[in-house]
There are 4 protein chains.
Amino acid sequence: MCSRSRPKPLRPGRPRSAEADTAILEATRAALVELGWSKLTLGDVAARAGVAKTTLYRRWAGKSELVVDAVAVLFDELELPDRGSLAADIEGVVLQFAALLQRPEARTALMAVVAESTRDEPLRERIRVSIVDRQKRLVLEGRARAQDRGELPAEPDPEAAARTADLIFDVIAGAVVHRALVSGGPVDEDWVRRFTAVLLGGLRAAAQTDGPTRNP
Amino acid sequence: MCSRSRPKPLRPGRPRSAEADTAILEATRAALVELGWSKLTLGDVAARAGVAKTTLYRRWAGKSELVVDAVAVLFDELELPDRGSLAADIEGVVLQFAALLQRPEARTALMAVVAESTRDEPLRERIRVSIVDRQKRLVLEGRARAQDRGELPAEPDPEAAARTADLIFDVIAGAVVHRALVSGGPVDEDWVRRFTAVLLGGLRAAAQTDGPTRNP
Amino acid sequence: MCSRSRPKPLRPGRPRSAEADTAILEATRAALVELGWSKLTLGDVAARAGVAKTTLYRRWAGKSELVVDAVAVLFDELELPDRGSLAADIEGVVLQFAALLQRPEARTALMAVVAESTRDEPLRERIRVSIVDRQKRLVLEGRARAQDRGELPAEPDPEAAARTADLIFDVIAGAVVHRALVSGGPVDEDWVRRFTAVLLGGLRAAAQTDGPTRNP
Amino acid sequence: MCSRSRPKPLRPGRPRSAEADTAILEATRAALVELGWSKLTLGDVAARAGVAKTTLYRRWAGKSELVVDAVAVLFDELELPDRGSLAADIEGVVLQFAALLQRPEARTALMAVVAESTRDEPLRERIRVSIVDRQKRLVLEGRARAQDRGELPAEPDPEAAARTADLIFDVIAGAVVHRALVSGGPVDEDWVRRFTAVLLGGLRAAAQTDGPTRNP
DNA sequence: GCATAAACGAGACGGTACGTCGCGTCTTCGA
DNA sequence: TCGAAGACGCGACGTACCGTCTCGTTTATGC
């Protein structure tokens with residue numbers, strides 16, 4: 001119907017190399033593993049990727065944006081296993097997340113770009129779009145599955161449902177990150193079981209009181 | 001008999017200036033507010049403090065260590081208000097913590113040093129000692145107060161009590177940080193009430209099930 | 001067939017700026033005049049030349065090498081005037097040399113780089129190639145002219161001729177430098193006339209005895 | 001005959017340590033040998049001498065003054081050997097001087113302080129007094145000895161004698177320094193013989209023409 | 001089929017901050 | 001009063017990256 005820009009570039013001149021993009025992102029992850037965020041340099045990434053610095057700057061505005069793109073894909077590998085119960089499902093995904101946070105490229109990059117984003121609103125938005133909000137699917141999927149199983153009641157108010165989902169997400173993601181990167185304790189089966197017990201207990205308690213009696 | 005702390009320096013040579021220390025830490029906080037972590041320069045801090053760069057390097061190994069010391073004092077200002085109930089106490093301290101995370105020097109510094117610490121074990125230890133572990137007092141104090149009020153049962157096993165306190169701390173600190181710095185949503189009264197409800201509900205539920213039947 | 005010198009750079013990348021070179025060397029001489037060798041700073045030279053410090057370090061290994069290049073051109077301005085007799089020619093060139101040694105950039109630079117070269121063989125070689133040996137042309141030209149005039153006999157042994165030329169050069173350059181920079185006395189017409197008389201007398205005496213009876 | 005200042009300090013307080021002075025000068029020479037002028041630091045000298053930096057600054061104004069004092073004594077070791085003829089005497093002292101210029105502390109220090117002195121008149125004076133002029137005794141002694149032997153006629157005009165002695169000194173010192181440190185050729189027996197021949201020939205020729213007919 | 005126009009590698013460029021070193025001064029204590 | 005020890009303000013060092021620029025080269029079209 002209309003001429004879309006994508007299928008054929010329609011722009012004159014040499015098109016950008018797609019291989020360069022993947023090579024750069026791979027090189028970025030490799031450099032993160034070896035050097036960590038603060039010692040990673042764009043010149044080094046370019047050299048690893050076999051690419052000129054200019055090529056890199058043509059595609060990304062800076063180190064932060066590049067790293068966000070480089071690690072975003074890692075977080076998309078998370079998935080919600082079907083272990084038969086809501087508690088088991090949560091425990092499974094939390095363990096996956098903890099494993100991800102043991103990978104050096106993920107742990108060094110995640111905190112660093114969040115730190116940068118405290119003074120850079122577009123970057124914060126990019127992080128949310130590329131990394132964080134994409135994983136809320138896990139919460140939504142977990143709830144839907146629990147409701148199918150009858151473990152959780154249906155939530156009539158969609159707005160309240162969204163608010164609760166956000167809260168759950170903050171609690172899970174925040175607690176696991178804090179445990180893994182700040183407290184430094186292990187995120188092992190025992191910790192996950194105790195955490196999940198608190199979380200689910202809280203959810204059920206809140207579901208009971210939240211509906212009928214908000215202000216007793 | 002009298003254990004003297006340090007009546008005479010006992011070290012030869014000119015002693016280090018105590019004023020320089022405070023001036024440097026103040027200057028560091030001011031620079032963090034104006035420039036943020038990534039644009040903060042040790043040379044700039046030295047200039048603000050009216051101090052030579054070498055003086056600064058004589059006392060701190062690098063930017064990270066300096067910033068940890070500079071912001072640690074901010075976190076010590078947190079205190080547990082006595083609002084009459086455990087829920088209200090928690091809500092109060094969480095709001096304080098959220099207010100702290102709105103301060104630009106705290107938000108930009110905290111995530112950044114945690115990011116650095118992912119590749120620097122001594123730094124991680126320093127963060128724990130100077131900032132994080134010191135605030136666990138709030139959790140312990142809150143529980144003690146709640147037990148005095150009869151809101152929580154006494155915990156016979158001290159080891160389990162410590163584990164639970166750590167877990168609570170990770171959940172609270174992690175969730176608030178994630179909400180404030182990653183999700184970007186407001187940490188307002190409504191959010192705090194809902195969060196506290198989940199947390200307390202979870203605690204009570206876990207306390208019931210945890211004691212009698214660990215492995216059903 | 002035609003050996004082209006360098007029609008195309010053949011090297012990839014942006015070529016070095018030729019203007020930068022001349023600006024740097026000029027700035028170096030200006031800084032030598034104002035500050036002298038020991039207070040001359042590469043950063044200051046870069047600033048005067050409107051050039052980044054890195055550009056300077058890309059081209060020269062250090063202060064000494066830069067200064068050698070900067071002052072070498074001054075010495076190339078020396079020339080042998082034709083005043084009609086060997087004595088007059090020598091007096092003329094010695095006065096020129098003395099005038100050069102009154103220029104602050106030359107006097108401060110020459111001794112300093114020689115001092116550095118006492119522990120730096122490549123630097124000594126650079127000084128010889130760029131400054132010292134180039135001026136031996138004056139001795140050779142003076143002798144040739146004197147031989148044309150019949151003031152000096154032809155020297156059959158070319159090796160002995162070269163040795164003598166080196167000796168003459170050391171005597172002239174050394175005596176003038178010592179007079180001007182160490183003793184501190186004026187290198188005026190009177191001194192030059194007396195010095196030339198000794199030198200030429202010695203040359204003629206040596207020429208007579210040297211030929212027939214080397215080892216009596 | 002009354003109270004001289006030296007035998008007892010008469011000044012209140014602790015007198016300065018004489019050992020410190022000699023230790024500092026020795027340490028300076030040792031540091032010159034190892035490091036050369038440009039890498040010699042006063043802090044290093046103080047450490048080698050087992051002395052505090054302040055002690056050093058109390059006695060010398062800076063690096064140049066210290067080094068002048070440290071190497072001056074080396075030049076005092078030169079002496080005019082009695083080899084039976086003026087030519088042989090000159091050859092002997094020139095060889096001694098050349099040997100001195102092979103010592104690393106002498107060669108690096110001499111040119112460096114001369115370079116500094118081009119912009120520092122008090123330093124130039126200090127060099128002259130402590131090092132250069134003291135060695136003119138060699139010229140004077142050589143001439144006196146030659147006159148005793150009848151090799152040289154008596155010089156009636158003492159002012160002209162002084163001027164000639166200065167000239168001889170500039171020629172000898174300048175030529176040897178230039179040969180040894182700039183040209184880089186060996187100052188061996190052959191070179192010394194040829195140099196002496198030119199010098200003495202010039203002296204005799206100048207003595208003949210200079211007296212009766214200045215302007216023929 | 002051949003000009004066009006963009007992307008590409010290479011690397012020099014003006015900057016900024018780095019962390020270190022030496023200077024010369026000062027402040028403290030002990031001899 | 002001097003001396004040792006060492007912290008201090010200062011300023012230059014030489015290096016590393018930054019992000020931009022200017023080259024010559026390559027590579028897909030579209031005239």
Side-chain angles (χ1 to χ4, degrees), chain A residues 8-17 20 39-47 49-63, chain B residues 8-17 19-20 38-44 46-47 49-59 61-63, chain C residues 8-17 19-20 38-44 46-47 49-63, chain D residues 9 11-17 20 38-47 49-63:
Chain A
K8 289 182 179 180
L10 285 180
R11 289 190 309 176
R14 178 175 172 177
R16 288 188 175 170
S17 159
K39 297 192 177 174
L40 177 144
T41 70
L42 296 200
D44 183 73
V45 169
V51 145
K53 255 197 314 177
T54 38
T55 299
L56 210 149
Y57 279 105
R58 235 173 255 127
R59 291 162 158 80
W60 286 277
K63 186 164 152 173
Chain B
K8 290 180 181 181
L10 288 177
R11 289 192 314 177
R14 178 174 173 176
R16 290 190 173 170
S17 160
E19 301 166 12
S38 64
K39 298 191 177 173
L40 178 144
T41 288
L42 293 203
D44 183 74
V51 144
K53 231 181 355 164
T54 42
T55 298
L56 213 147
Y57 280 105
R58 232 174 259 126
R59 290 163 156 82
K63 188 164 151 173
Chain C
K8 289 179 181 179
L10 287 178
R11 288 193 314 177
R14 178 174 172 174
R16 290 191 174 170
S17 160
E19 302 166 12
S38 66
K39 297 191 178 174
L40 178 145
T41 287
L42 293 203
D44 182 74
V51 144
K53 229 179 358 162
T54 43
T55 298
L56 213 148
Y57 279 105
R58 231 174 260 126
R59 291 163 156 80
W60 287 277
K63 187 165 151 173
Chain D
R11 287 191 307 178
R14 177 174 171 179
R16 286 189 176 171
S17 159
S38 64
K39 297 191 179 175
L40 176 145
T41 71
L42 296 200
D44 183 73
V45 169
V51 145
K53 257 197 311 178
T54 40
T55 300
L56 210 148
Y57 279 105
R58 236 173 253 127
R59 291 162 157 83
W60 287 277
K63 185 165 154 175

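Every chain is numbered from 1, with letters handed out A, B, ... down the list of sequences. The structure presented is a predicted model; accordingly, all values stated were derived computationally and were not measured.
The side-chain heavy atoms of D:L42 and D:W60, taken from C-beta on, include no pair separated by under 4.5 Å.
Not a single side-chain contact (heavy atoms from CB on, under 4.5 Å) links A:R14 to another residue, sequence neighbours left out. Under the side-chain hydrogen bond (donor to acceptor under 3.5 Å, both in side chains) criterion, B:R59 pairs with B:D21, not counting sequence neighbours. Under the side-chain contact (heavy atoms from CB on, under 4.5 Å) criterion, B:A49 pairs with B:A23, B:I24, B:A27, B:V51, sequence neighbours left out. Annotation: side-chain contact (heavy atoms from CB on, under 4.5 Å) contacts of A:T41 (sequence neighbours excluded): A:D44. Residues satisfying the side-chain hydrogen bond (donor to acceptor under 3.5 Å, both in side chains) criterion with D:S38, sequence neighbours excluded, are C:E116.
Remark: C1' of F:dG6 and CZ of B:R14 are 9 Å apart, rounded to the nearest angstrom. As rounded to whole Å, 11 Å separates atom P of E:dG11 from atom CZ of C:R16. At whole-Å resolution of the value, CG in B:L56 and P in E:dG19 are 10 Å apart.
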### Summary
Expected string for nucleotides 13-18 of chain F under the B/S/- scheme (protein heavy atoms, under 4.0 Å, primed atoms plus P, OP1, OP2 as sugar-phosphate) is SBBBBS

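Residue D:R59 has a polar side-chain atom (N or O) positioned under 4.0 Å from OP1 or OP2 of F:dG3. Side-chain nitrogen and oxygen atoms of A:T55 include at least one within less than 4.0 Å of the OP1 or OP2 phosphate oxygen of E:dG9.
A residue-by-residue look at A:V51 and C:G50 shows that A:V51 has its nearest nucleotide of DNA chain E further toward the 5' end.
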